[in-house]
Every structure is written in C-alpha cells, then in structure tokens.
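Quick note: residue numbers are just sequence positions, from 1. All heavy atoms count here, side chains included; hydrogens, waters and symmetry mates do not.
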Amino acid sequence: MEEEKDIRLRFMKRAAQLAHYAAENGYGGPFGAVVVKDGEIIGEGFNRVTSSNDPTAHAEIEAIRSACNTLKSFQLSGCEIYSSCEPCPMCMGAIYWARPVRLYYGASRYDAAQAGFDDEFIYRELGLPDHLRKIQVIHLPSTDSADAFEYWKLLENKTKY
C-alpha cells in the first residue's frame, strides 16, 4: 500500500514540475497534468493559455490530447489523470468525456483562487438559467441544427461515444 502511494506521489510530483515549468518559462499559469496507464506516463501537459492565445490550452486538456494521441483513441479507458490543481469546470468536462478511471489533484481550487485563478464564478454561472448569466446566452432554434441529429440517428456506421 505504501508503495502505491509512493508511485502516485511520483506522478503528482511530475504534474507539479510541469506546473513550475509553465510558470517559469512564461507559457501560462502554474498548472501541470499527466495521464498514466499501466504505471507509465502516456501524456503530459502544462498550461499554455497565454503563450498560445488559446483559452482552452489548460494543462489537463493538453495532457488528455497527448495521451489520446498516444493511445490513438478518444477515450482514456484504464487511465488515471494527475493534475497539479483541482481542474476547472472546462477541464472536468473534458475529463468526464475522456473517461479515465481516476483523477488525482494536488492543490485545491481554493488554493488557485488565492493565487488569482478563481473559477468559482464559472461554477455559479453554470447553475443559472440562460437569461441570468453574465454572457448573454440565447437559444436560437434551427431546423438545420436539429436535422444534423436526425442524420446522426440514421447513420449505421458511426462511432458512439
């Protein structure tokens, strides 16, 4: 049991190293993540939001992309994700879609908030009805959009996810 904990701490240490690397080299915020399968790191990522001008370039997203590329799969079955910090709502969504078996995180979202990375407003916004959100959200019904789902339902050769 102690050996398993040591292994987990080694992967968390690597995620933290990536977080430091991102901050020290001006890539973005201090966030790092690794994806592990069968005791081996198969994907790594660190925050590249400001260096790539991409608000989705969070450490967890980068690590998921890397691991999925390694596996040649859009799912992380049998994998674990180690993140230097509790993932934001966007990253948690991506993690759920990727379907790893487990997520470990080091610092909490409250630790991140104290450093100026406060996602609490997003957590609150997602629980509000569209008309009360800070960003105007408008449902614009479209038969063309709905038709895409009808087409999908009829496809016989589709990859379900």
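The SG atom of C88 sits 8.5 Å away from the CD1 atom of I95 when rounded to the nearest 0.5 Å. The CZ atom of R8 sits 11.0 Å away from atom CD of E3, with the distance rounded to the nearest 0.5 Å. With values rounded to the nearest 0.5 angstrom, K153 atom NZ is found 9.0 Å from K158 atom NZ. Here the CZ-CD distance, from R48 to E62, works out to 5.5 Å after rounding to the nearest 0.5 Å. Note: R109 CZ to I122 CD1 = 11.0 Å, rounded to the nearest 0.5 Å.
Nearest heavy-atom pair across A63 and V35 is O-CG2, 3.6 Å. Taking each heavy atom of K72 and N69 in turn, the nearest pair found is NZ-O, 3.0 Å. Nearest approach of C68 to S73, heavy atoms of both residues: CB-O, 2.9 Å.
The closest donor-acceptor contact from the side chain of K37 to the backbone of G78 lies at 3.5 Å or more, if one exists at all. Side-chain N or O atoms of N47 include one that pairs as donor or acceptor with a backbone N or O of G29 at under 3.5 Å. Of the possible polar contacts, none joining the H131 side chain to the L128 backbone as a donor-acceptor pair under 3.5 Å is found. No donor-acceptor distance shorter than 3.5 angstrom exists from the side chain of S83 to the backbone of E86, with no hydrogens or angles considered. When atom types are taken as modelled, the side chain of T70 and the backbone of S66 share a donor-acceptor pair closer than 3.5 angstrom. Using modelled atom types, one side-chain atom of S84 and one backbone atom of G32 make a donor-acceptor pair closer than 3.5 Å. For the pair D111 (side chain) and S108 (backbone), a donor-acceptor distance under 3.5 Å is present.
Within the structure, every pair that satisfies the ring pair (Phe, Tyr, Trp, His ring centres under 6.0 Å) test and touches residues 109-128, not counting sequence neighbours, is listed here: F31-F117.
For R10, there are no salt bridge (charged side-chain N to carboxylate O under 4.0 Å, His left out) partners two or more places apart in sequence or in a different chain.
Its side chain within the 4.5 Å cluster rule, V36 clusters with I7, F11, M12, L18, Y21, Y27, V34, I41, F46, Y82, Y104 among the Ile, Leu, Val, Met, Phe, Trp and Tyr residues.
Two residues are said to be in side-chain contact when any heavy atoms from C-beta on lie closer than 4.5 Å; L76 and L71 meet this criterion. No side-chain heavy atom of P100 sits under 4.5 Å from any side-chain heavy atom of E80. Between C91 and I61 the shortest side-chain heavy-atom distance falls below 4.5 Å. Counting heavy atoms from C-beta on, the side chains of D6 and E2 come closer than 4.5 Å.
Residue Y96 is grouped with residue L103 when hydrophobic side chains (ILVMFWY) are merged at heavy-atom distances under 4.5 angstrom, including chains of intermediate members.
Shown are K134, R133, H139; of these, the side chain to side chain contact (heavy atoms under 4.5 Å, CB included) with V137 is made only by R133.
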Report task. Dump the intermediate steps for side chain to side chain donor-acceptor pair (under 3.5 Å) on T56 and D54, then the final yes or no. Result -> CA-CA 5 Å; T56 69; D54 179 355; 2.6 Å; yes

Query raised in the report: Does the side chain to side chain contact (heavy atoms under 4.5 Å, CB included) test come out yes or no for R102 and I81, once each step is laid out?
Result: CA-CA 6 Å; R102 197 168 291 110; I81 297 177; over 6 Å; no

Query - Full working for side chain to side chain contact (heavy atoms under 4.5 Å, CB included) between W97 and F74 - result: CA-CA 9 Å; W97 279 115; F74 59 88; over 6 Å; no

